Amino acid sequence: MEKNSRIFVAGHRGLVGSAICRRLRQEGFDNLVSRELQELDLRDQASTRRFFAEEKPEYVVLAAAKVGGILANTTYPADFIYDNLVIETNVIDAAARAGVRKLLFLGSSCIYPKLAPQPMREEALLTGPLEPTNEWYAIAKIAGIKLAQAYRAQHGLNAISLMPTNLYGPGDNFDLASSHVLPALIRKTHEALRAGAPEITVWGSGTPRREFLHVDDLADAAVFLMLAYDSGEIINVGTGIDVTIRELAEMIGHAAGYTGSIAFDSSKPDGTPRKLLDVSRLTALGWKPKIALADGIAETWRWYIENVAARG
Ligand code: GFB
């Protein structure tokens, strides 16, 4: 990839796509192509093909996806499977037709079986049943991996697939009905502080374990792998460290200076009991994350206060 290569970042407004654009620009890649959703809907095959034929991107980062937390996944299963399947199919096929030199596909750690041995190695893919709360999204992401591998095998498309763990950071979605846990708990803590409430309510039992990666670290890994990785084998991207949801709530409380207590709402689902990636394939290539969870939470808290809470 040259500094002036034409790079299409699909999903440039999202948490991941915007972080990858920032990282690419920092590295001097400034010939970035992007489109607003109103201009190009990647669910539309004809428009997607036309866009690739006209713009002729040389490299593609496929970060456009329908994403959300445990409640959104269970409320909108059709959207989660359909939107993701059709976006991946359209973009990977159009990229191959247009002779793209390399494509990076973003999967998710939820592709692995619900009860996969922890930490989860790449080899765990398709070895057991999925976690029901996000199987629709997971099936779509597994199909994306297989599309990338099939187009590599049949059409020689240099498509690589990264499996990021749970991501967070500035620009995340803080809507309680659709967000992931970390931004949700930032918002709940802020609202409790503002209202002088004695407790915040955390969904489920607080015992599930999750691994959190700052989106700037994910973006750093994505650019690193665009430059250094050319295999069709999937590769995990995470920190190799997990915490319980209770510990996460306590860390956010600490960053916010909140001294109230934590209540648990057992009517809400826990989801998968543990989701920790084995990141040895990535570390063997020489990459590791830089942002410790406590620092990333403090930064995301400040971003929320200045950019979301301040607007009311
Ligand atoms: O982040 P999250 O929604 O998704 O939830 P998953 C993680 C854990 O946090 C679950 C608990 O045990 C939730 O019950 N939790 C506690 C909360 N309080 C809250 C809250 O206020 N909001 C939310 N959202 N959770 C997602 C998948 O699974 O992981 C996606 O749904 C994607 O498809 C993503 O794969 C990476 O970690 O369970």
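Just so you know, ligand 1 is whichever comes first in the structure, and atom 1 is the first atom listed for that ligand. Note that the structure is a prediction, hence the values are computed from the model and not measured.
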- Message: Under 6.0 Å between ring centres: does that hold for F8 and F52?
- Response: yes

- Task: Please determine if K66 forms a cation-pi arrangement with F80, meaning its NZ or CZ atom is less than 6.0 Å from the six-membered ring centre and no more than 45° off the ring axis.
- Result: yes

- Message: Strictly by side chain to side chain donor-acceptor pair (under 3.5 Å), give each pair with a member in residues 68-91 just once, sequence neighbours left out.
- Response: R43-D83

Starting from the N and O atoms of ligand 1, collect every protein N/O partner closer than 3.5 Å and put each pair on its own line with the distance to 0.1 Å.
residue	atom	partner	partner atom	Å
ligand 1	1 (O)	V181	N	2.9
ligand 1	3 (O)	I70	N	2.8
ligand 1	12 (O)	D270	O	2.6
ligand 1	14 (O)	P269	O	2.6
ligand 1	18 (N)	W203	N	2.9
ligand 1	21 (O)	K188	NZ	2.7
ligand 1	24 (N)	S179	O	2.9
ligand 1	28 (O)	K275	NZ	3.4
ligand 1	29 (O)	K275	NZ	3.1
ligand 1	31 (O)	N73	ND2	3.0
ligand 1	33 (O)	N73	OD1	3.3
ligand 1	33 (O)	N73	ND2	3.3
ligand 1	35 (O)	S108	OG	3.1
ligand 1	37 (O)	N166	ND2	2.9
ligand 1	37 (O)	R210	NE	2.7
ligand 1	37 (O)	K275	NZ	3.2
ligand 1	38 (O)	R210	NH2	2.9

- Task: Can you sort out the partners of Y229 under ring-ring contact (aromatic ring centres under 6.0 Å, His included), two or more places apart, ordered by chain and number?
- Result: none

- Item | For F212, ring-ring contact (aromatic ring centres under 6.0 Å, His included) partners two or more places apart | none

- Query: Is the distance between the ring centroids of Y168 and H180 under 6.0 Å?
  - Reply: no

